[in-house]
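One structure below.
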Amino acid sequence: MRKKILITGSSGFIGHIFLKDALNKKYYVVDILRTKNKKNRKLQRLKKLFPKSYKSIFFSKKRDIEKKLKNKNFDLVVNFATLYKNSHLNSEIPEFIDSNITFPSIVLDTISSKVKKFINFGTMMQHLDGQNHTPKNFYASTKSSFEMILNYYAFKNKKMKFYNLKLYESFFENDPRQKLIPTLFKNFKNNKITKINSKNLELNIIHVNDIINAIYTIIKHNVKSGTYCLKNHKNVKIKSLIKSINNNSQKKIKIKFLQNKPIKPQKSFLKILPKWKPDIKIQDKIENIFLNENN
């Protein structure tokens with residue numbers, strides 16, 4: 001019997017990639033979205049391709065969520081719903097709370113007795129001290145707040161398994177997000193200079209496909225409930241990455257380093273997800289998109 005998955009955040013970047021992949025792998029997927037997404041062209045195309053495997057639940061008001069999810073059963077819920085910004089305005093606080101806390105809490109409260117596994121995505125920005133919850137920004141603090149809510153439901157429902165998966169940085173080809181690698185590539189194509197915080201910057205980056213494989217690991221294996229880190233074996237040294245690309249490309253990446261201070265990801269005190277490992281050599285993947293631009 002096909003697994004039935006409920007996902008939030010399918011209109012977002014990683015959520016949409018997972019949605020497409022799960023449908024291609026013959027899972028039955030339901031997403032829950034705000035009414036404004038009814039005309040989302042990417043989601044409409046998937047509905048035409050997978051009319052029997054993909055359904056959407058739309059809501060305009062929070063009270064509609066319970067009404068539309070009530071009496072529905074799922075094998076797995078994956079919470080991709082996220083509002084991310086590195087900084088915030090005072091006026092944006094309600095939106096952060098709504099997207100990162102209120103919405104997934106209402107979903108979970110409605111279906112908690114009818115689901116076997118719940119996967120929530122967090123960030124290592126929740127742990128600047130390398131240990132407990134010391135968030136880097138308001139976004140990370142809302143992710144930690146929802147994690148505390150998950151602890152309540154885990155205590156309340158011993159039969160349901162909960163997973164918090166946290167990562168540092170992610171990457172995918174044709175990545176539209178305003179992160180360093182996509183920005184570097186965009187400026188490379190447009191022959192512009194990219195300002196980089198430090199000459200000694202290191203990032204721990206995993207490919208989105210490896211993130212998706214972590215979800216399948218939880219689906220297929222009897223993994224113990226818990227909070228886990230998804231990280232790569234090695235950090236990407238940004239200066240070495242750029243040097244390697246420039247040595248193998250006629251067109252050069254133009255950069256300006258702002259300082260020499262070593263900047264590395266904080267060490268993770270979290271265990272790696274059991275039965276999972278990153279398979280994609282991330283530096284090779286990144287270099288290839290730059291080198292292919294010249295061909």
Side-chain angles (χ1 to χ4, degrees), residues 3 5-10 12-19 21-22 25 27 29 31 74-84 99-101 103-105 107-108 112 115-128 130-133 135-136 139-154 160-172 177 179 203-233 265-280 282:
K3 298 285 186 183
I5 303 173
L6 174 69
I7 66 173
T8 66
S10 61
F13 184 66
I14 298 178
H16 188 72
I17 294 170
F18 173 73
L19 172 62
D21 195 80
K25 286 183 167 62
Y27 288 95
V29 184
D31 55 10
F74 300 96
D75 296 289
L76 177 77
V77 177
V78 188
N79 179 38
F80 291 108
T82 296
L83 173 61
Y84 168 75
S99 296
N100 298 343
I101 302 174
F103 169 55
S105 293
V107 171
L108 177 56
S112 61
V115 174
K116 298 174 183 177
K117 297 178 179 180
F118 189 100
I119 298 174
N120 177 60
F121 279 95
T123 170
M124 290 306 297
M125 284 189 284
Q126 294 172 241
H127 304 284
L128 280 191
Q131 296 185 32
N132 298 315
H133 291 279
K136 176 183 178 181
Y139 153 73
S141 71
T142 60
K143 298 300 284 184
S144 290
S145 298
F146 181 64
E147 193 173 322
M148 292 298 294
I149 292 170
L150 284 181
N151 290 340
Y152 159 70
Y153 285 96
M160 187 175 174
K161 290 188 173 183
F162 291 85
Y163 305 92
N164 288 299
L165 303 182
K166 301 183 181 182
L167 50 139
Y168 294 93
E169 297 282 346
S170 60
F171 169 79
F172 195 78
R177 296 173 296 174
K179 291 178 174 286
L203 297 175
N204 193 281
I205 310 172
I206 57 173
H207 198 274
V208 171
N209 286 348
D210 281 328
I211 297 172
I212 290 172
N213 285 335
I215 298 172
Y216 294 134
T217 297
I218 291 172
I219 292 174
K220 295 173 183 178
H221 298 284
N222 185 25
V223 179
K224 185 179 179 181
S225 291
T227 299
Y228 300 103
C229 185
L230 304 181
K231 69 174 186 176
N232 228 315
H233 307 296
Q266 71 274 20
K267 291 184 179 180
S268 171
F269 68 104
L270 299 172
K271 293 181 179 179
I272 303 296
L273 180 70
K275 304 182 186 298
W276 172 89
K277 64 177 181 178
D279 292 324
I280 296 172
I282 194 67

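Below, all heavy atoms of this structure are taken into account, side chains as well, without hydrogens, waters or symmetry copies.
- A side-chain donor-acceptor contact under 3.5 Å links K117 to the backbone of I218.
- The minimum heavy-atom distance linking W276 with D210 is given by the pair NE1-O, 2.9 Å.
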Exercise. Output, in order, the C-alpha distance, side-chain angles, deciding distance and verdict of side-chain contact (heavy atoms from CB on, under 4.5 Å) for T123 and T82.
Key: CA-CA 11 Å; T123 170; T82 296; over 6 Å; no
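- Of the candidates I205, I272, L270, K231 forms a side-chain contact (heavy atoms from CB on, under 4.5 Å) with just one, namely I272.
- The residues E147 and K166 are annotated as salt-bridged, a charged nitrogen and a carboxylate oxygen being separated by less than 4.0 angstrom.
- Note: F13 and F172 have perpendicular aromatic rings, judged against thresholds of 30 and 60 degrees for the angle between ring planes.
- The line from CG of L19 to CD1 of I212 is 10.0 Å long, rounded to the nearest 0.5 Å.
- You'll find the side chain of I215 reaches within 4.5 Å of the side chain of L76, heavy atoms only.
- Scanning all heavy atoms of the two residues, the minimum distance from I101 to T142 falls at CG1-O, 3.6 Å.
- In this structure, K179 forms a cation-pi arrangement with Y84, its terminal cationic atom sitting closer than 6.0 Å to the ring centre and no more than 45° off the ring axis.
- You'll find the ring centres of F162 and Y153 outside the 6.0 Å limit.
- A donor-acceptor pair under 3.5 Å is absent between the side-chain atoms of N164 and the main chain of I119, judged by distance alone.
- Residues N79 and N120 have side chains that bring a donor and an acceptor to within less than 3.5 angstrom of each other.
- One finds the OG1 atom of T217 at 11.5 Å from the NZ atom of K277 (value rounded to the nearest 0.5 Å).
- Within the 6.0 Å centre-distance limit, the rings of Y27 and Y216 are counted as a close aromatic pair.
- Closest of all the heavy-atom pairs between S99 and P104 is O-CD, 3.3 Å.
- Of the possible polar contacts, none joining the S145 side chain to the K143 backbone as a donor-acceptor pair under 3.5 Å is found.
- The distance from the NZ atom of K3 to the NZ atom of K116 is 5.0 Å, given to the nearest 0.5 Å.
- Between the CZ atom of F146 and the OG atom of S105 there is a distance of 5.0 Å, given to the nearest 0.5 Å.
- Residues V78 and T8 form no side-chain contact, since every pair of their non-hydrogen atoms from C-beta on lies 4.5 Å or further apart.
- Aromatic ring centroids of Y163 and F118 lie 6.0 Å or more apart.
- The backbone N or O of S10 lies less than 3.5 Å from no partner atom in the side chain of D31, so there is not a single donor-acceptor pair.
- The CG atom of N209 lies 10.0 Å from the CG atom of D279; values are rounded to the nearest 0.5 Å.
- A distance-only check finds no donor-acceptor pair linking the side chain of Y168 to the backbone of C229 [under 3.5 Å].
- The two residues G122 and Q126 come nearest to each other via the heavy atoms CA-OE1, 3.4 Å.
- Distance check, rounded to the nearest 0.5 Å: OG of S112 to CG of L150 gives 11.0 Å.
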